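Reading through the structure tokens given below for one structure.
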Amino acid sequence: MDHSFPICPLCGRPIPPQARQSLHHLIPRLRGGKGGPTVLLHQICHNEIHATLSEAELARVYNTVEALQAHPRLARFIAWVRKRPDDFHSKTPGARRGRTRRRG
């Protein structure tokens with residue numbers, strides 16, 4: 001296995017070129033993080049962060065990789081995703097933060 005790929009700081013798995021990936025702003029852009037520090041993550045890891053935490057929570061409390069890893073739900077997700085292939089991706093179930101969606 002070639003380990004010259006970047007490593008996802010959230011789950012610790014390599015990010016091969018064919019894997020879906022994206023940059024995460026540790027402080028959300030809309031909360032003053034534009035131009036601030038970013039980390040390259042697997043897309044599935046990035047999706048899980050945003051499905052779990054609000055922009056305000058990310059800005060206020062979960063603005064480091066260590067804080068994200070310590071969140072109970074993200075810790076369970078990390079333990080689960082570490083058993084998957086490095087380029088694994090699946091749809092992240094949405095609206096798990098208690099947001100309500102209008103119908104109609």
Side-chain angles (χ1 to χ4, degrees):
M1 181 186 265
D2 180 8
H3 286 290
S4 62
F5 303 135
I7 301 296
C8 177
L10 190 72
C11 72
R13 298 176 304 140
I15 307 174
Q18 74 274 15
R20 292 178 63 179
Q21 55 191 277
S22 65
L23 281 176
H24 172 66
H25 287 78
L26 289 170
I27 297 172
R29 286 179 305 220
L30 297 174
R31 298 277 175 166
K34 189 174 183 184
T38 59
V39 289
L40 182 66
L41 303 173
H42 290 103
Q43 185 68 53
I44 192 172
C45 295
H46 196 190
N47 291 355
E48 190 68 18
I49 289 169
H50 287 283
T52 301
L53 297 161
S54 70
E55 300 273 299
E57 290 169 318
L58 287 167
R60 202 171 50 246
V61 183
Y62 296 98
N63 52 26
T64 67
V65 170
E66 295 75 20
L68 292 167
Q69 290 171 329
H71 185 283
R73 187 177 131 179
L74 290 176
R76 284 193 305 275
F77 166 79
I78 292 164
W80 174 82
V81 84
R82 279 187 177 149
K83 300 173 189 152
R84 304 295 179 274
D86 295 340
D87 60 355
F88 175 79
H89 185 81
S90 73
K91 190 162 173 19
T92 303
R96 285 190 289 181
R97 265 193 262 144
R99 290 179 292 175
T100 55
R101 295 201 174 159
R102 281 194 181 150
R103 299 198 188 275

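What you see is a predicted model; the values in this text were computed from it and never measured.
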*Tell me, please, which residues at least two apart from R20 pass side chain to side chain donor-acceptor pair (under 3.5 Å).*
H89
*To the nearest 0.5 Å, tell me how far T52 OG1 sits from H71 NE2.*
6.0 Å
*Starting from L30, walk the hydrophobic network (Ile, Leu, Val, Met, Phe, Trp, Tyr; side-chain heavy atoms closer than 4.5 Å) and list everyone else you reach, by chain and number.*
none
*State, with a plain yes or no, whether a side-chain heavy atom of L58 is found less than 4.5 Å away from one of R31.*
no
_Tell me whether R29 at atom CZ has more than 12 heavy atoms from other residues, nucleotides or ligands lying less than 6.0 Å away._
no
_For I49 against H24, the heavy-atom pair lying closest together_ = CG2-CE1, 3.9 Å
*Apply the test side-chain contact (heavy atoms from CB on, under 4.5 Å) to residues L68 and I78: give CA-CA distance (whole Å), side-chain angles for both, the deciding distance (0.1 Å), then the verdict.*
CA-CA 10 Å; L68 292 167; I78 292 164; over 6 Å; no
*Would you please name every residue forming a side-chain contact (heavy atoms from CB on, under 4.5 Å) with A67, sequence neighbours left out?*
Y62, T64
*Members besides I15 in its Ile/Leu/Val/Met/Phe/Trp/Tyr cluster (side-chain heavy atoms under 4.5 Å)*: L23, L40
*How far apart are the closest heavy atoms of H42 and C8, and which atoms are they?*
ND1-CB, 3.3 Å
*What pair of heavy atoms forms the shortest contact from R84 to R13, and how long is it?*
O-NH1, 3.4 Å
*For the pair C45 and F77, evaluate side-chain contact (heavy atoms from CB on, under 4.5 Å) and give the outcome as yes or no after the intermediate values.*
CA-CA 8 Å; C45 295; F77 166 79; 3.9 Å; yes
*How long is the span from the CG atom in L10 to the CD atom in E66, to the nearest 0.5 Å?*
10.5 Å
*Non-neighbouring partners of P85 that pass side-chain contact (heavy atoms from CB on, under 4.5 Å), sequence neighbours left out*: D87, F88
*Partners of H25 by ring pair (Phe, Tyr, Trp, His ring centres under 6.0 Å), sequence neighbours excluded?*
none
*Are R73 and E48 close enough for a salt bridge, meaning some N to O gap below 4.0 Å?*
yes
*Who passes side chain to side chain donor-acceptor pair (under 3.5 Å) against Q43, sequence neighbours left out?*
S22, N47
*Partners meeting side-chain contact (heavy atoms from CB on, under 4.5 Å) with A70 (sequence neighbours left out)*: none
*Cluster question for you: counting only ILVMFWY and a side-chain heavy-atom cut-off of under 4.5 Å, with indirect links fine, are L53 and I27 together?*
no
*With sequence neighbours excluded, tell me which residues meet side-chain contact (heavy atoms from CB on, under 4.5 Å) with V65.*
P9, L26, V39, Q69
